[in-house]
2 protein chains.
Amino acid sequence: MSVQKVDRRIARTKRMIREALAALIEEKGFESITVRDITSEADINRGTFYLHYQDKFDLLKKCENEFFQEIEDIAKDIKVNDIRKFSENQQPLAYSVKLLEYIKNNAAFMRAVLGPNGNVAFQIKLKEYIKTNIGKVFLKEAEGNKDRMKVPREYLLSYIVSAHLGVIQQWLQNELKESPQEIARYIGIITVEGPFQASGFKK
Amino acid sequence: MSVQKVDRRIARTKRMIREALAALIEEKGFESITVRDITSEADINRGTFYLHYQDKFDLLKKCENEFFQEIEDIAKDIKVNDIRKFSENQQPLAYSVKLLEYIKNNAAFMRAVLGPNGNVAFQIKLKEYIKTNIGKVFLKEAEGNKDRMKVPREYLLSYIVSAHLGVIQQWLQNELKESPQEIARYIGIITVEGPFQASGFKK
DNA sequence: TCATTAATCAACACAGCGTTAATTAAAAGG
DNA sequence: CCTTTTAATTAACGCTGTGTTGATTAATGA
C-alpha cells in the first residue's frame with residue numbers, strides 16, 4: 001500500500017482545530033463549546049471545520065481514538081512479571097512509567113479531558129484500558145490465592161483502576177511536578193502494599 | 001422565622017422537572033439535553049421552566065446543592081474511632097453505610113450524575129466531600145506513624161477517595177444488587193487492609 | 001507552471017434560547 | 001364558598017448557533 005502524503009493545509013487545519021479544542025475544554029468545558037468558538041480560536045472559517053468533522057462530538061471522538069491508538073502500542077510491551085519485580089526490588093512498573101510519560105507529553109489534551117471540565121465517557125474508556133492492561137495483570141497474581149479473596153473480583157478491580165486514575169488526576173492537578181518515575185513508584189507502593197501499609201498504619 | 005408553605009403547584013412542577021432531568025441525563029447525557037427536552041418530558045410549558053430556573057445548568061446546580069445539603073447532615077454523625085472499630089471487629093464503618101443507603105434511596109439521580117453520561121464537576125465535589133469526611137479520618141489514624149509514610153499525603157488521600165468512588169460506581173453499574181452494608185464492608189476491607197492483602201496476594 | 005484541491009465567504013433554513021404580555025387555571029385564606 | 005393571589009399556559013419576539021451550499025480565492029504538489 002502506498003503512503004498517502006497529507007496536504008500541509010489539511011495537517012495545519014486539523015492541528016489548529018485540535019489545539020483550539022484542548023484549550024477551550026480546559027477553559028470552559030466541552031459541553032459549552034460551540035463550533036464557532038473552536039473555529040474562531042483556531043482562526044479558520046467555520047465552514048472549514050465541517051470539511052473535516054461532522055460536529056464537535058465527532059471531533060472529540062476522533063481525538064480520543066487517536067489517543068487510544070497511541071497508548072495501545074504502549075500496552076504491547078507490558079511484562080506480566082512486572083509486579084513480581086516490584087515486590088522484589090521496588091522498581092516502578094514499566095507500563096506505568098510509559099503511560100505516565102505519554103500523559104506528560106500530551107498534558108494539554110489530558111488535562112482537558114481528565115480535568116474538572118472533562119468528559120466522563122473518556123474517563124470510562126481510559127479505565128477500561130487500565131483495567132485490561134494493568135488491573136488484570138495485578139489480579140492474575142492475586143488470584144493465585146483465590147480462597148483468601150475477601151472481596152468480589154469486580155470490586156477489587158474497579159477499586160484498583162479508580163485509584164490508579166485518581167493518582168493520575170492528582171498528578172495533573174499538581175501540574176505534573178513529579179516525574180513519571182516517581183508517580184509510578186507511588187502507584188506501585190500503594191497498590192501493592194495497600195494505602196495504610198504504605199503510610200505506616202496498622203502492624 | 002415563619003415556615004413558608006410551598007404552593008402545591010410549584011412543588012409539583014419542580015418535582016416533575018427534576019424527575020425529567022434524571023431520566024434524561026441517564027438517557028443521553030446532560031450536555032445534549034435541551035430545555036425543550038426537559039419540559040416536554042415533564043409535560044409542562046417551556047416558559048414555566050424559566051419561572052424556576054435560569055437554564056439547565058442552574059437546574060443541575062440546584063439539584064446538586066440539595067444533594068450535598070442532605071449528605072452533609074449524614075456527615076455530622078461520623079465517629080472518629082470508626083476505623084479502630086473496623087480494625088478490631090470488621091464492622092462496616094457507620095458513615096459508609098449511611099452514605100450508601102442515601103445513594104440507594106436516590107438511585108435515579110445518582111446513576112445519572114455518576115454514570116457514563118454523568119458530570120465530572122459533580123464527581124469532583126463528591127470526592128471533595130469524601131475527602132473531608134472520610135479520607136481525613138482514615139489518614140488521621142495513619143499519620144500517627146508519620147515517619148513511615150512512603151507516599152505524599154495528597155496522593156494517598158486522592159488514592160483512597162478515588163478508590164472509594166470507584167467502588168460506588170461499580171455498585172451502581174451492578175444495579176445496587178448488594179446491600180449498603182456489604183459494600184461498606186468491601187470498602188473497609190480494601191481500604192484498611194489494602195487491595196492485595198484483601199485478595200490474599202503477598203505474605 | 002498549472003491542474004488540483006483546500007480554504008474562504010456569504011447566504012440559507014432551521015432549532016433552541018431566554019423573555020414578554022395577555023390569558024387561564026389553580027391554590028390559599030378569610 | 002367565594003375572592004384574591006399567584007402559578008401555569010400560550011403565542012410571539014429577537015438572538016445565536018447549526019449544518020449546508022455554491023461561487024470564489026489561494027495554496028500545494030507534481
Side-chain angles (χ1 to χ4, degrees), chain A residues 1-66 112 117 119 121, chain B residues 1-66 112 117 119 121:
Chain A
M1 52 168 132
S2 69
V3 176
Q4 263 297 356
K5 189 166 185 188
V6 184
D7 193 311
R8 267 183 294 166
R9 288 169 295 181
I10 295 179
R12 187 192 123 90
T13 298
K14 287 191 172 178
R15 184 167 42 78
M16 301 298 277
I17 288 176
R18 282 161 195 236
E19 283 174 12
L21 178 70
L24 286 168
I25 290 179
E26 213 180 341
E27 183 189 323
K28 59 179 188 175
F30 181 72
E31 70 190 18
S32 54
I33 293 176
T34 65
V35 173
R36 275 188 144 79
D37 290 336
I38 296 170
T39 54
S40 89
E41 171 84 21
D43 199 31
I44 59 167
N45 189 274
R46 192 166 64 87
T48 306
F49 178 91
Y50 293 102
L51 296 176
H52 301 287
Y53 306 101
Q54 285 181 11
D55 50 38
K56 65 170 185 167
F57 300 98
D58 182 49
L59 167 61
L60 182 65
K61 205 170 64 190
K62 280 177 175 155
C63 288
E64 290 180 1
N65 287 344
E66 203 171 88
N117 288 317
N119 182 270
Chain B
M1 52 175 154
S2 68
V3 177
Q4 261 297 356
K5 191 168 182 187
V6 184
D7 192 311
R8 269 182 294 166
R9 287 170 295 182
I10 295 179
R12 187 192 123 89
T13 299
K14 286 191 173 176
R15 184 168 40 78
M16 301 298 278
I17 288 176
R18 281 159 197 238
E19 283 173 14
L21 178 70
L24 286 167
I25 290 179
E26 212 180 339
E27 183 188 323
K28 58 180 190 172
F30 181 73
E31 69 190 17
S32 55
I33 293 177
T34 66
V35 173
R36 280 189 142 80
D37 289 337
I38 297 169
T39 53
S40 88
E41 172 82 20
D43 199 31
I44 58 166
N45 190 275
R46 191 166 65 88
T48 306
F49 178 92
Y50 293 102
L51 295 177
H52 301 288
Y53 306 101
Q54 285 181 12
D55 50 37
K56 66 169 186 167
F57 301 98
D58 182 50
L59 167 62
L60 182 65
K61 205 170 63 193
K62 280 176 176 156
C63 289
E64 289 180 1
N65 287 344
E66 203 172 86
N117 288 317
N119 182 272

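Letters A, B, ... mirror the listed sequences (proteins, then strands); counts begin at 1.
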Has B/Asn65 got a side-chain atom pairing as donor or acceptor with B/Lys62's backbone, closer than 3.5 angstrom? no
Between B/Asp7 and B/Arg12, does any NZ, NE, NH1 or NH2 come within less than 4.0 Å of an OD or OE carboxylate oxygen? no
To the nearest Å, how far apart are A/Lys56 NZ and D/dT16 C1'? 14 Å
Using the side-chain heavy atoms of A/Arg8, tell me which of these nucleotides is nearest: D/dT28, C/dC17, C/dT8. D/dT28
With respect to the side chain of B/Leu51, which nucleotide from D/dG19, D/dA8, C/dT8 is positioned closest? D/dA8
DNA chain C: A/Ala11 or B/Val35, which has the more 5' nearest nucleotide? A/Ala11
Want to settle it: does B/Gly47 or B/Ile10 sit nearer the 5' end of DNA chain D, counting the closest nucleotide to each? B/Ile10
In whole angstrom, what separates A/Asp37's CG from D/dG19's P? 13 Å
Check the distance between C/dT19's P and B/Phe49's CZ and give it to me in whole angstrom. 11 Å
Looking at every strand, decide which applies to A/Arg36 at a 4.0 Å heavy-atom threshold: base, sugar-phosphate, or nothing. base
Examine C/dG18: is either OP1 or OP2 under 4.0 Å from a nitrogen or oxygen in the side chain of B/Tyr50? Give yes or no. yes
What is the distance, rounded to the nearest whole Å, between atom CD1 of A/Ile33 and atom P of D/dT18? 11 Å
If I take atom CZ in residue A/Phe57 and atom C1' in nucleotide D/dG19, what distance separates them, rounded to the nearest angstrom? 14 Å
Taking the side chain as C-beta and beyond, is there a heavy-atom pair between B/Leu59 and B/Phe49 under 4.5 Å? yes
Can a donor-acceptor pair under 3.5 Å be found between the side-chain atoms of A/Arg9 and the base atoms of C/dA7? no
Contact class for A/Asn45 (heavy atom, under 4.0 Å): base, sugar-phosphate, or nothing? base
Side chain B/Lys56, main chain B/Phe30, donor-acceptor under 3.5 Å: yes
Under-4.0 Å side-chain N/O to phosphate OP1/OP2 contact, B/His52 with D/dA7: no
Do the side-chain N or O atoms of B/Thr13 get closer than 4.0 angstrom to the phosphate oxygens (OP1, OP2) of D/dA8? yes
Whole-Å distance between C/dG18 C1' and B/Asp58 CG? 13 Å
Please report the C-alpha distance between B/Leu60 and B/Ile25 in whole Å, then the side-chain angles of each, then the deciding distance to 0.1 Å, and finally whether the side chain to side chain contact (heavy atoms under 4.5 Å, CB included) criterion is met. CA-CA 10 Å; B/Leu60 182 65; B/Ile25 290 179; 4.1 Å; yes
For A/Thr34, which contact category applies under a 4.0 Å heavy-atom criterion: base, sugar-phosphate, or nothing? sugar-phosphate
Write down the distance between CG (A/Asp55) and P (C/dC14), rounded to a whole number of angstrom. 20 Å
note: B/Tyr53, atom OH; C/dC17, atom P; distance rounded to Å ~ 16 Å
With respect to the phosphate group of C/dA6, does any side-chain polar atom (N or O) of A/Thr48 fall under 4.0 Å of OP1 or OP2? no
Compute whether any side-chain donor of one residue and acceptor of the other, for B/Asn45 and B/Thr48, lie under 3.5 angstrom apart. no
Select one nucleotide: of D/dT28, D/dG19, D/dA8, the one nearest the side-chain heavy atoms of A/Arg46. D/dG19
When you measure from the side chain of A/Asp7, which nucleotide among C/dA7, C/dA27, D/dT28 comes out closest? D/dT28
